[in-house]
Amino acid sequence: MNVAEALKARVSVRAYKPDPLPEQLLREILDAARWAPSGGNLQPWRTIAVAGPERVAVIALAKASLPGDVGERFVYPPDLWEPHRSRRFKMGEDMYALLGIPREDKAGRLKQFMRNYEFFGAPVGLFFVIDKRMGYGQWAHMGMFMQSIALAALERGVSSCMQECWATLRTPLAAHFGLGESEMIYCGMALGYADETAAINTLRSERAELDEIAEFRGF
Ligand SMILES: Cc1cc2nc3c(=O)[nH]c(=O)nc-3n(C[C@H](O)[C@H](O)[C@H](O)COP(=O)(O)O)c2cc1C
């Protein structure tokens with residue numbers, strides 16, 4: 001798989017087989033991803049991987065702590081505007097349509113959303129830790145690390161879903177992991193083997209056309 005193919009083949013997988021992900025394979029994935037770039041080579045990332053009983057403990061923590069509170073660092077800006085608002089809406093609608101959960105079925109949609117807090121059945125969860133003193137630049141660099149993990153995983157047949165939903169549990173997670181005073185969880189990620197039979201995994205999100213997002217000057 002070349003890079004262009006990998007960029008397209010990486011999709012968010014939201015149903016996994018229970019098969020464990022060996023620690024050695026996870027180490028290989030993270031070892032490849034740590035070569036992600038960061039401004040000034042700060043490498044402002046740290047990740048905590050949970051599997052087995054640690055994963056079970058985090059899932060239990062989520063159940064006990066939800067809905068939680070996202071704090072000042074919101075997942076989406078309030079009153080999201082166009083075109084972002086419609087893009088978000090469409091992605092959600094497409095996903096629930098695949099699952100046959102209509103808009104009126106609030107309980108059904110909530111139940112599906114709550115699968116986030118079980119890593120959608122994935123055997124491994126990653127949590128991305130950043131120092132609160134870091135600025136938006138370093139948060140962007142964390143994203144490069146995360147995308148690198150997703151691609152390195154894909155190359156090894158391992159699927160992923162980034163999960164900022166965990167942001168609402170930043171406070172209990174920080175206590176659970178014993179994070180330093182200045183540290184916080186930015187985001188989570190599910191990692192494992194895709195359940196190829198699950199309808200939700202056929203979801204393919206759209207992207208804005210190139211000319212909507214890129215401007216070419218002086219060519
Ligand atoms: C930082 C980040 C956080 C995300 N958080 C969640 C999440 O909490 N739950 C979820 O189901 N998907 C989450 N996603 C997945 C996005 O919805 C998904 O990337 C987007 O719809 C594009 O689809 P694709 O990943 O399949 O290409 C997240 C993606 C990113 C990059």
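Keep in mind that this is a model prediction, so the values were computed, not measured. Atoms within a ligand are numbered from 1 in the order they appear, just like the ligands themselves.
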If you have a sec, work out which protein heavy atom is nearest [atom] and how many Å separate them, to one decimal?
atom: atom 14 (N) of ligand 1; value: M162 O, 3.2 Å
atom: atom 5 (N) of ligand 1; value: E164 N, 2.8 Å
atom: atom 9 (N) of ligand 1; value: N116 OD1, 2.9 Å
atom: atom 21 (O) of ligand 1; value: M91 CG, 3.3 Å
atom: atom 1 (C) of ligand 1; value: Y186 OH, 3.4 Å
atom: atom 22 (C) of ligand 1; value: S205 OG, 3.3 Å
atom: atom 18 (C) of ligand 1; value: S12 OG, 3.5 Å

Nearest-0.5 Å distance that lies between atom [atom1] in [X] and atom [atom2] in [Y]:
X: F120; Y: I200; atom1: CZ; atom2: CD1; answer: 6.5 Å
X: R73; Y: C187; atom1: CZ; atom2: SG; answer: 14.0 Å
X: S148; Y: R34; atom1: OG; atom2: CZ; answer: 12.5 Å

Hey, does [X] sit under 4.0 Å from ligand 1 if you only count heavy atoms?
X: W166; value: no
X: W139; value: no
X: R207; value: yes
X: R204; value: no

Decide if atom CD of E82 counts as having more than 12 heavy atoms of other residues, nucleotides or ligands within a radius under 6.0 Å. yes
Notebook entry, point to check: Would you say the side-chain atoms of R207 and S205 include a donor-acceptor pair closer than 3.5 Å?
Noted result: yes
Q: Determine whether the side chains of Q43 and N41 contain a donor N or O and an acceptor N or O closer than 3.5 Å.
A: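 The criterion, which ignores hydrogens and geometry beyond distance, is satisfied for N41 and Q43.
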For C161, the ligand 1 atoms with a heavy-atom partner under 4.0 Å come out as 10 (C), 11 (O), 12 (N)
V11 heavy atoms within 4.0 Å reach ligand 1 at atoms 26 (O)
Query - Mutual orientation of the aromatic rings belonging to F177 and F127 [parallel < 30°, tilted 30-60°, perpendicular > 60°] - result: tilted
Review point. For the ring pair F145 and W35, is the centre-to-centre distance below 6.0 Å?
Key: no
Q: Please lay out, stage by stage, how R156 and E28 fare under the test salt bridge (charged side-chain N to carboxylate O under 4.0 Å, His left out).
A: CA-CA 9 Å; R156 291 161 178 81; E28 255 184 50; 2.9 Å; yes
Task: Sidechain N-carboxylate O distance under 4.0 Å for R46, E183 - done: yes
Please compare G143, A150, G188, C165 and report which has the shortest non-hydrogen distance to atom 8 (O) of ligand 1.
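Answer by nearest heavy atom: C165.
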To atom 17 (O) of ligand 1, the nearest of K8, M95, R14 on a heavy-atom basis is R14
